[in-house]
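One structure is given here, and the rest of the page talks about it.
Please read all numbers here as calculations on a predicted model, not as lab measurements.
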Amino acid sequence: MNPFQARTIALLITATVVVLSGCGSKENKTAEPKERQSSPVTLRLASKGAAPILDEVFQQVVGERLKAKYPHITLEYLPETAGTKLDELIASGNAPDLIVTNTGALAEYRDMELLFNMEPLFTARNLSLSRFDANYITDVRNASDKNELYGLPINVSYHAMYYNKDIFDQAGAPYPTDGMYWDDVLNLAKKVTRTLGGVQYHGLDPGYTIIWMSQPLGVGAIDANDQVTINNDKWKRVFELAKAIYTIPGNELIAESPKNQFMKSKTLGMLLDLNILNQLVEAEKDGLHWDVAQYPSYPEKPNTYGNASVSTVIVTKTTKHQEDAISVIETMTSDEVQMELSKRGRLSPLASNAIKQALGSSNPGLKDKHLPSIFKSKPVPYPVSSPYRGQGESIAINKFKEYLQGTIDVNQALSQADEEIKQKLAAVKGAK
């Protein structure tokens, strides 16, 4: 072999080695799928007023989907008990990664600088807002004074009228029907309020006292501009109607909660409440014979109930795992999760008719119930809320109780509520 040939062979060998090592280098740098690359992470989720929503059924359905799509994510649900209450966590500087709360409470956390506009992140993930009922997205936007979107709705608690069939049968009274007005329900309550065998049966409880009754009329104790708006004829009508219900002889307010009266002691004829279908299925196993009818309405606001009590999930501004937290929201709002929850008796915020029509379909305990009655009423648009809304409503409730007890008349109740709410607002704002 002459020197030229030897040099040619050496160059070929060297080139081959370079090419081979280059190929090997490319193979080593090939990116793995994102799911396999992601490190395990535990996200903490805290809630306020949403514990019944985040029950075992919800956790199971979401958990199965999350494990299938994002196996590196573990979601830790913090109970609404001492030590892990949302407000305690925030006060201690230990805010969770995700929060679930009622849409109306979002303004409180906005002022704590925990919320941010998530819409660009949803857009980047192709999370289409058109999949949701538009009014629920509007409700979330109303928490912002800039039309920002702080989170997405995951559950809707509608208003419905549940009734105990046995109590109506014993009284020989007709069952509640769809399309009833408040006066119709009041008269029906008088027919079934009675004492039988030493047991006092109550005809009706309207739920969250005066607040749910006021909402269809579009009134609040405080408006979005922190103006007190309780001393008017609409609130007077609500106070007087509620008193008419609670002063039916034998239908007075008692210490036992309305839900316990209805589901445990079985002494309440009609309960106006939110989505408690799964609780009622369990109560039926213990002898409660119940059904559901459309929520009563005011003649000038037919087929309308109050605020929809939408549960919204948000990612906190302080989380260190923003992308993974978005993945949790994506999972909770997916068609697969929402369909399964609907089948188990949860009303979905998604616009899909198929998901709505599936309500309760996998629960044998709901098979013969008049569930279509639920959809005959719609919620009022959720008001743009003041962060002090809850404090105003608490004062309104307390003044109603004084009026109910007869210590003040209705005009005094509203006038005093007006003054006390103004004083409360001045105090809390002055403390900031």
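- In summary, Arg110 and Asp145 do not engage in a salt bridge, as defined by a charged side-chain N under 4.0 Å from a carboxylate O.
- Residues Arg344 and Asp55 are not paired through a salt bridge, judged by the lack of any N-O separation under 4.0 Å between the basic side chain and the carboxylate.
- More than 12 heavy atoms of other residues, nucleotides or ligands lie within 6.0 Å of CD in Glu300, so this atom counts as buried by the packing criterion.
- Ring-centre distance between Tyr175 and Tyr163: below the 6.0 Å cut-off.
- Closest approach of Ala293 and Pro176 over heavy atoms only: CB-O, 4.0 Å.
- The two atoms that bring Ser47 and Glu80 nearest to each other are OG-OE2, 2.7 Å, heavy atoms only.
- Note that Lys243 lies in the cation-pi zone of Tyr403, set by a 6.0 Å cut-off to the ring centre and a 45° limit from the axis.
- Taking a cutoff of 4.0 Å between a charged side-chain nitrogen and a carboxylate oxygen, Arg44 and Glu76 do not qualify as a salt bridge.
- For Thr101 (side chain) and Lys48 (main-chain N/O), a donor-acceptor pair under 3.5 Å exists by modelled atom type.
- One distance of note links OG of Ser342 with CD1 of Ile355; it measures 7.0 Å at 0.5 Å rounding.
- Side-chain atoms of Thr319 and Asp97 include a donor-acceptor pair closer than 3.5 Å.
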Original post:
For Ile276 and Tyr162, what are the C-alpha separation, side-chain angles and deciding distance, and is it a side chain to side chain contact (heavy atoms under 4.5 Å, CB included)?
Top reply: CA-CA 9 Å; Ile276 55 172; Tyr162 305 101; 3.6 Å; yes
**OP:** Could you walk me through whether Trp235 and Leu217 pass side chain to side chain contact (heavy atoms under 4.5 Å, CB included), step by step?
**Re:** CA-CA 9 Å; Trp235 270 109; Leu217 295 175; over 6 Å; no
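- Side-chain N or O atoms of Asn275 include one that pairs as donor or acceptor with a backbone N or O of Leu277 at under 3.5 Å.
- Val428 places a side-chain heavy atom less than 4.5 Å from the side chain of Gln391.
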Original post:
Do Ile374 and His159 pass the side chain to side chain contact (heavy atoms under 4.5 Å, CB included) test, and can you show the C-alpha distance, the side-chain angles, and the key distance before you say yes or no?
Top reply: CA-CA 8 Å; Ile374 294 167; His159 294 232; over 6 Å; no
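- Within the structure, salt bridge (Lys or Arg N to Asp or Glu O under 4.0 Å) contacts touching residues 211-225 (residues at least two apart or in different chains) do not occur.
- When side chains are defined from C-beta on, Ile314 does not count as touching Val140, because their heavy atoms never get closer than 4.5 Å.
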Subject >> salt bridge (charged side-chain N to carboxylate O under 4.0 Å, His left out) assessment of Glu119 paired with Arg141 >> reply: CA-CA 10 Å; Glu119 191 163 2; Arg141 289 192 189 281; 3.0 Å; yes
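- Taking both residues in full, the closest heavy atoms of Ile245 and Pro206 are given as CG2-CD, 4.2 Å, listed atom of the first, atom of the second, then distance.
- For the pair Arg131 and Asp335, the salt-bridge criterion is met [side-chain N within less than 4.0 Å of a carboxylate O].
- Using a cutoff of 4.0 Å between basic side-chain nitrogens and carboxylate oxygens, Lys399 and Glu419 are not scored as salt-bridged.
- Atom OG in Ser348 sits 12.5 Å away from atom CD in Glu340 (nearest 0.5 Å).
- Residues Tyr109 and Ile90 meet the side-chain proximity criterion, which asks for heavy atoms closer than 4.5 Å.
- Contact record, Leu253 with Leu404: CD1-CD2, 3.6 Å, taken as the closest heavy-atom pair.
- Salt-bridge annotation for Glu113 and Lys317: absent, with no side-chain N of the basic residue lying under 4.0 Å from a carboxylate O of the acidic one.
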Original post:
Between Asp166 and Lys266, does a salt bridge (charged side-chain N to carboxylate O under 4.0 Å, His left out) hold up when you go through it step by step?
Top reply: CA-CA 9 Å; Asp166 289 340; Lys266 304 177 187 65; over 6 Å; no
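- Donor-acceptor pairing under 3.5 Å is recorded for the side chains of Asn303 and Gln294.
- Side-chain contact between Leu414 and Asp418: absent, with no pair of heavy atoms (C-beta onward) separated by less than 4.5 Å.
- Between Ile397 and Ile210 there is a side-chain heavy-atom pair separated by less than 4.5 Å.
- Comment: Asp233 does not engage Arg237 in a salt bridge, judged by the lack of any side-chain N to carboxylate O separation of less than 4.0 angstrom.
- For Glu252, the salt bridge (charged side-chain N to carboxylate O under 4.0 Å, His left out) criterion is met by no residue, not counting sequence neighbours.
- Between Asp133 and Leu350, every side-chain heavy-atom pair lies at or beyond the 4.5 Å cut-off.
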**OP:** Starting from the C-alpha separation in whole Å, work towards a yes-or-no answer on side-chain hydrogen bond (donor to acceptor under 3.5 Å, both in side chains) for Asn164 and Tyr201.
**Re:** CA-CA 11 Å; Asn164 183 322; Tyr201 291 94; over 6 Å; no
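- The distance from atom CD1 of Ile230 to atom NZ of Lys422, rounded to the nearest 0.5 Å, is 11.5 Å.
- Between Phe239 and Ala413 the shortest heavy-atom distance is CE2-CB, 3.9 Å.
- Of the possible polar contacts, none joining the Asn102 side chain to the Ala105 backbone as a donor-acceptor pair under 3.5 Å is found.
- Residues Thr267 and Gln200 have side chains that never bring a donor and an acceptor to within less than 3.5 angstrom of each other.
- Nearest approach of Pro296 to Trp182, heavy atoms of both residues: O-NE1, 3.9 Å.
- Side-chain N/O atoms of His370 and Asp291 include a donor and acceptor closer than 3.5 Å.
- Geometric assessment of Lys369 against the ring of Trp290 yields a positive cation-pi assignment under the 6.0 Å and 45° thresholds.
- Proximity of a side-chain donor or acceptor of Asn155 to a complementary backbone N or O of Ser311 within less than 3.5 Å is not detected.
- Here Arg389 does not pair with Asp226 in a salt bridge; the nearest charged N to carboxylate O distance is not below 4.0 Å.
- A donor-acceptor pair under 3.5 Å is formed between the side chain of Gln338 and the backbone N or O of Met332.
- A donor-acceptor contact shorter than 3.5 Å is absent between the side chain of Thr316 and the backbone of Leu114.
- At a cut-off of 3.5 Å, with distance as the only test, a side-chain donor of Thr312 or Thr103 sits close to an acceptor on the other residue.
- Using a distance-only test at 3.5 Å, with no hydrogens or angles considered, a donor-acceptor pair links the side chain of Thr407 to the main chain of Glu402.
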**OP:** Go through Val328 and Asp324 one step at a time and tell me if the side chain to side chain contact (heavy atoms under 4.5 Å, CB included) criterion holds.
**Re:** CA-CA 7 Å; Val328 171; Asp324 290 318; over 6 Å; no
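- Ion pair Arg65/Glu330 not flagged as a salt bridge, since none of the NZ, NE, NH1 or NH2 atoms sits closer than 4.0 Å to an Asp/Glu carboxylate oxygen.
- Looking only at distances, a side-chain donor or acceptor of Tyr298 sits under 3.5 Å from a matching main-chain atom of Met213.
- No more than 12 heavy atoms of other residues, nucleotides or ligands sit less than 6.0 Å from atom NZ of Lys301.
- With values rounded to the nearest 0.5 angstrom, Asp178 atom CG is found 14.5 Å from Tyr295 atom OH.
- At least one donor-acceptor pair under 3.5 Å links the side chain of Ser361 to the backbone N or O of Ala358.
- No donor-acceptor pair under 3.5 Å is formed between the side chain of Asn147 and the backbone N or O of Ser144.
- Applying the side chain to side chain contact (heavy atoms under 4.5 Å, CB included) test to Glu64 and every residue at least two apart in sequence or in another chain returns Gln60.
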